[in-house]
Structures are given as structure tokens and as C-alpha cells.
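Scope of the values below: all heavy atoms of this structure, side chains included, with no hydrogens, waters or symmetry mates.
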Amino acid sequence: MKYPTLRSLHREKAVEKEGRLNNGDGGVHQEDGYDHSQLPRATWRVFVMAILVSMGGFIFGYDTGQISGFLGMPTFQERFGEYNHHTGEYYFSNVRTGLIVGLLSIGTLTGALVAAPLADIIGRRWSIFAWCIVFHVGNIVQIASSDNKWYQIMMGRWTLGLSVGSLSLLVPMYMAETAPYHIRGALISCYQLFITLGIFLAACINYGTQKNYNDTSQWRIPMGIGFLWPLILGVGILFFPDTPRYAFRKGRVEEAKQTMLKVYGVPDNHWSVYHELEEIRLKLESESSGHGFIRDYISMFSAPRMAYRIAIGMGLQMFQQLTGANYFFYYGTLIFNGVSINPFVTQLILNGINFGVTFIGLYLIEHYGRRKSLMAGSAWMFICFLIFASVGHFALDRDDPTNTPHASKALICFACFFILGFATTWGPMVWTIMSEIYPSQYRAKAMSLATASNWLWNFLLAFFTSFITGAIDFRYGYVFAGCNLLGGLIVFFFVVEGRGRTLEEIDTMYLDGVLAWESNKWEAPSLETMRNQSTAGYRSADAEAAIQTANTSTESEREGTEKRAED
């Protein structure tokens with residue numbers, strides 16, 4: 001028996017693996033008439049999908065870049081800040097700053113949790129469309145804020161957060177369930193790429209309006225432009241189908257097949273699409289049947305290795321925040337207000353680097369894998385924050401930075417070096433891993449918890465950073481340095497390598513209990529073996545579902561035997 005495979009990115013690996021499987025007892029026979037040609041690296045449909053769907057990341061990035069600049073704008077301070085009678089200037093207290101910046105994160109946390117059941121009910125595509133409408137509502141509330149009604153800005157940002165948080169779940173999930181396995185990591189990473197593009201564009205617009213206007217146009221123009229991005233995403237997504245895995249689970253098998261054929265760019269008899277559809281079918285057969293959202297949510301934690309995977313996803317998202325990236329992005333204009341360089345120019349530099357180097361991350365994730373890249377990024381950011389914190393605390397004259405110009409420039413340089421490490425590794429790759437490690441049945445629910453973890457820590461950092469930096473100044477960087485080191489260790493011990501594997505194969509790796517540091521050597525089993533492993537695993541979680549699975553499998557085998565007898 002021959003069990004052909006296209007599971008490797010490189011031809012020599014594919015040949016080697018096929019040679020090994022020739023001597024095995026693969027559970028699927030090669031059928032005459034299947035096309036075994038090499039998969040195209042990418043198609044125009046995939047390229048357009050990546051740009052359009054990643055607009056969800058652009059929306060988040062644009063809003064993040066906006067608020068960082070608004071806090072330093074005189075007209076924004078006068079309208080929503082507090083007046084200091086001693087200095088005659090307007091300012092934002094730590095509490096008000098934390099609430100205006102952080103309420104977005106509370107909204108995103110709520111949105112991520114609410115989006116999961118909605119995505120399972122109405123689908124990924126219509127969910128994206130609905131949450132784009134919610135964004136427009138929040139932006140209207142924000143842009144219409146009256147004089148001194150700072151809480152109106154705060155509530156507008158909370159409403160925006162509902163949309164941003166939902167899209168932060170839906171966009172990576174849509175990409176993961178649709179993208180060809182051999183470029184899945186790069187496509188999901190486009191979400192982070194567009195976040196960085198949004199941050200950079202917002203910084204450019206803020207710089208222009210702050211320089212050329214002296215009224216509320218400084219911040220209302222950037223807000224008004226923000227209506228455009230969800231409009232593009234909301235209308236554009238209607239021209240795309242739902243994800244093939246969602247369609248398959250809803251019984252629309254032909255729709256799922258046609259979607260996969262289009263994104264892969266192959267004829268309808270291509271072996272790779274047939275094989276992946278079989279993997280999806282076998283995983284679906286082995287899963288427990290739905291019992292309602294609440295029961296499914298509860299049973300998720302007792303499903304095979306799911307509590308373990310949920311902890312990994314939530315932990316990685318937590319440490320993505322604890323890398324310290326938003327320390328610069330949220331409070332960049334305030335952090336560098338004390339150095340001898342224009343803080344708005346500094347933000348442009350940081351955000352430009354953040355966007356430009358993210359392209360490197362798209363290359364690294366598919367050529368060096370998730371694990372190596374994340375561990376290297378952790379080590380790099382650890383070193384950068386050690387130096388940044390030391391220079392800021394020990395070498396910089398914080399009362400008059402012009403007395404220490406070299407220290408000021410060193411801070412900017414190592415902030416840029418840090419952004420290089422984050423934007424190429426932990427920025428894009430954590431979203432990819434979160435989208436890969438869960439089985440289809442629980443993907444939306446588990447991803448919502450992981451995403452909520454991201455936004456919870458996003459809020460905590462956004463709210464408390466101003467207090468902490470006021471108390472310990474640049475020594476705050478030592479906290480982030482330690483978190484980066486710990487994050488790298490978590491990747492080494494717990495994160496398996498998903499490069500070049502289908503989502504169903506990654507699920508099997510976790511069911512097998514593959515050690516993270518040995519996962520790169522793991523070979524995918526035959527479809528029959530994969531089905532047996534999945535069925536055995538889910539049997540322990542849901543006996544009733546296992547009986548149904550066994551009956552389905554027996555019936556399928558009986559039909560197969562009868563068909564071969566007739567032939």
C-alpha cells in the first residue's frame with residue numbers, strides 16, 4: 001500500500017516521508033485519478049483574503065495608535081483633562097488616563113467572550129460583519145463627546161472594544177480554518193502585520209493633525225477616518241464564503257470542498273484537499289455531539305488535553321502582553337516626553353519599525369517555525385529591556401534629559417531593538433499558535449478564553465502602567481525583562497511545533513501527548529490511526545458520543561466492505 005503525502009514544505013522531506021510510509025500500513029489507499037502535483041505556494045484568492053480579513057487587525061491597531069497620540073494633544077487635554085491651578089495647564093490624572101486607555105480592553109475582553117457562541121451559531125463570516133457595525137456605533141459615541149464629558153470618550157472606547165475584541169477572535173480563527181496548511185502561520189500573522197500598519201498610520205495622521213490644527217480637528221479627524229476600516233471589512237467579507245471547517249460541521253460538505261479547492265488553487269481531484277477533508281471528517285466523527293452552549297462549555301474542560309491547551313493559550317496571550325510592547329505603544333508619547341526628542345516623532349519611528357519588521361516575522365514563522373522563533377524573540381527582548389531599564393534609571397537625567405543626550409538616544413535605540421524582536425516573533429506568532437492548538441468543536445470557545453486573557457492583561461497594564469512608572473520610573477523594564485525570560489521557558493516546555501501541519505494533525509499531537517521539544521520530529525499517522533486515537537480520547541470525555549462514533553465507524557466500514565465486494 002502506498003500512502004502519498006504532501007505534509008512537508010520542502011520536496012526532499014516529502015519524498016523521504018513518502019518512502020517511510022511505503023513500508024507502513026497506512027489506513028488510506030491511493031486511489032487512481034487523484035492529482036498528486038505539488039501545491040502552489042499561494043493563490044490570488046488567498047492573497048486577497050489575507051488583506052481583507054486582516055483589516056480586523058488594522059482596526060485594532062489604528063485605535064491603539066490613536067489614543068497614544070490623543071493623550072498628548074493640547075485640545076484633547078483641554079476638553080477631557082483636569083486643570084492644574086498651580087501651573088495653569090491641563091493634564092490627565094493617572095486614574096483618568098488608565099480608564100480612557102484601559103476601558104477599550106475591558107470591552108475587548110467582553111467582546112471576545114461573547115463572540116464565541118455567536119460565531120458557532122451564525123458563522124464566522126456573518127459574525128465579522130455584525131461586529132463591524134458595533135464598531136461604528138462606538139466611534140459615533142466617541143466622536144460626539146461633549147466638552148468635559150471624558151466618561152463619554154471612555155464609554156465610546158468600551159463599545160469599540162466589544163468590536164475589536166470580537167474581531168481579535170474571529171480574524172485569526174477565520175484564517176486558521178481557511179488557509180492552506182503550508183502558509184497558515186504567515187497568513188494568521190498578517191493579523192499582527194495589519195495591527196502594526198494601523199498603529200503606524202494612526203501615528204502619522206495624529207502627527208499631521210496635531211501639527212496643522214489647533215481645535216478639536218486634532219483628534220476628530222483621525223476618529224472620522226476610523227469609520228472607513230470596518231466599512232471595508234464588513235462589506236468585503238460578504239463576498240467571501242464561510243470557513244470550510246465551519247461549513248463542513250454544518251453539513252455543507254460540497255461548499256467546504258469548493259472553498260478549499262479555491263484557496264489551494266488546485267483541481268477538484270487533488271489528493272491534498274481530499275486527504276484534509278478526510279481528516280476533518282474523521283475528527284468530526286470522533287467528537288462529542290453538541291448539547292447546548294453551556295454544557296459544551298463545561299465539557300470542554302474535561303475533553304482530552306483541553307484544560308492543558310486552554311492553559312497554554314491563555315498563558316501565551318498573557319505573556320504576549322507582559323513582553324512590554326504596549327508599554328511603548330500606549331504610553332509612547334508620555335514615556336519619551338522627558339527625553340530630548342519630540343515624542344510624536346519618536347512614536348513615528350517606533351511604529352514605522354514595528355510595521356516594517358513584521359514582514360520578517362511572516363518569513364520566520366514558515367521557515368524556522370514557531371518554537372525557535374519565539375524562544376529567540378524572548379531572549380532578544382530580555383536583553384533589550386535590561387539595557388533600556390538600566391540606562392533609563394541610572395544614566396538618564398530625568399529632570400533635564402538634555403544634560404544626558406547620549407542616554408536619551410540610547411533609550412530610543414533599545415526601544416527600537418525591542419520592537420524588532422517583538423514584531424518578528426511574539427507579536428504575530430502567538431495569534432497563530434492560539435488558532436492552531438484547539439480542535440474544531442471547541443475552537444471558538446477556547447480561543448475566546450485565550451483572547452480574553454490577552455485583553456485582561458492588556459487592561460491591567462494600560463491602567464496600572466502610569467502608576468507604576470510614576471513610582472519606579474524606568475525600573476519597570478526589569479519586570480518586563482523577567483517576564484520575557486519566563487515566556488521563553490514556557491514555549492520550550494509546552495508549545496508544540498505546528499509548522500507544515502494541518503489543524504487536525506496538531507490536535508492529534510496533543511492527544512498523543514507529544515513532548516514539545518520533540519514535536520518537530522513527529523510524523524503524522526495514517527488517517528485510520530488518527531481516527532482511532534481521536535475516538536479513544538473523546539470516548540473518555542463523552543461515552544455517549546463515543547458509542548455514536550463507533551456506530552458511525554462500523555457503518556462506514558460495512559459500506560466500504562460492501563462496495564469493495566461489488567467492485
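For the pair I51/F194, a side-chain contact is recorded, criterion being any heavy-atom separation below 4.5 Å from C-beta on. Taking 4.5 Å as the limit, every side-chain heavy atom of R124 sits out of range of all side-chain heavy atoms of T178. A heavy-atom distance below 4.5 Å is found between the side chains of V46 and T43. In this structure, the side chains of R309 and M306 come closer than 4.5 Å at one or more pairs of heavy atoms. With a 4.5 Å cut-off on side-chain heavy atoms, W131 and L118 count as touching. Two residues are said to be in side-chain contact when any heavy atoms from C-beta on lie closer than 4.5 Å; L420 and W380 meet this criterion. With contacts defined as side-chain heavy-atom distances shorter than 4.5 Å, the pair R499/H182 does not qualify. Using a 4.5 Å heavy-atom cutoff, the side chains of L187 and P180 are in contact.
Two rings, from F60 and W229, have their centers 6.0 Å or more apart. Aromatic pair H136/F227: centroids less than 6.0 angstrom apart.
Relative orientation of the F47 and W44 rings is perpendicular, given thresholds of 30° and 60° on the angle between their planes. Between H367 and Y363, the ring planes are parallel. Angles under 30° get that label, and only those over 60° would be called perpendicular. Taking the six-membered ring where tryptophan is involved, the planes of F422 and F418 are essentially parallel, since the angle between them stays under 30° and well short of 60°.
Looking at R501, its side chain never comes within 3.5 Å of a backbone N or O of D507 through a donor-acceptor pair. Remark: the backbone N or O of E504 is paired with a side-chain donor or acceptor of T508 at under 3.5 angstrom. Side-chain atoms of R371 come within 3.5 Å of backbone atoms of V491 as a donor-acceptor pair (strictly under, hydrogens ignored). R370 contributes a side-chain N or O that, together with a main-chain N or O of I365, makes up a donor-acceptor pair within less than 3.5 Å. With hydrogens and angles ignored, the 3.5 Å screen pairs no side-chain donor or acceptor of Y191 with any backbone N or O of G57. A donor-acceptor contact shorter than 3.5 Å links the side chain of R305 to the backbone of Y510.
Relative to the ring axis of F248, R245 does not place its NZ or CZ within 45° and under 6.0 Å from the centre.
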Apply side chain to side chain contact (heavy atoms under 4.5 Å, CB included) to residues K257 and Y274 and explain how you reach the verdict. CA-CA 8 Å; K257 177 184 176 182; Y274 163 77; over 6 Å; no
Derivation of the side chain to side chain contact (heavy atoms under 4.5 Å, CB included) call for I59 and F135: CA-CA 9 Å; I59 293 169; F135 185 94; 3.2 Å; yes
From CA spacing to verdict: side chain to side chain contact (heavy atoms under 4.5 Å, CB included), L316, F494: CA-CA 10 Å; L316 288 177; F494 301 110; over 6 Å; no
Go through E177 and R443 one step at a time and tell me if the salt bridge (charged side-chain N to carboxylate O under 4.0 Å, His left out) criterion holds. CA-CA 10 Å; E177 293 185 344; R443 183 168 295 120; 3.0 Å; yes
Derivation of the side chain to side chain contact (heavy atoms under 4.5 Å, CB included) call for T451 and L113: CA-CA 8 Å; T451 306; L113 294 174; over 6 Å; no
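Electrostatic pairing of E518 and K521 does not count as a salt bridge here, judged by no charged N lying under 4.0 Å from a carboxylate O. K250 has no carboxylate O lying under 4.0 Å from a charged side-chain N of D120, or vice versa, which leaves the two without a salt bridge.
In terms of the side-chain hydrogen bond (donor to acceptor under 3.5 Å, both in side chains) criterion, residue partners of N454 (sequence neighbours excluded) are, by chain and number, Q317, Q320, Q321. S378 pairs by the side-chain hydrogen bond (donor to acceptor under 3.5 Å, both in side chains) definition with W426, not counting sequence neighbours. R252 is linked by a side-chain hydrogen bond (donor to acceptor under 3.5 Å, both in side chains) to E255, counting only residues two or more places apart in sequence or in another chain.
Side chains of W271 and S37: no donor on one and acceptor on the other come within 3.5 Å. For T502 and E279, the side-chain atoms include at least one donor-acceptor pair closer than 3.5 Å.
Tested against T196, the residues I353, L201, T358 include a single side chain to side chain contact (heavy atoms under 4.5 Å, CB included) partner, T358.
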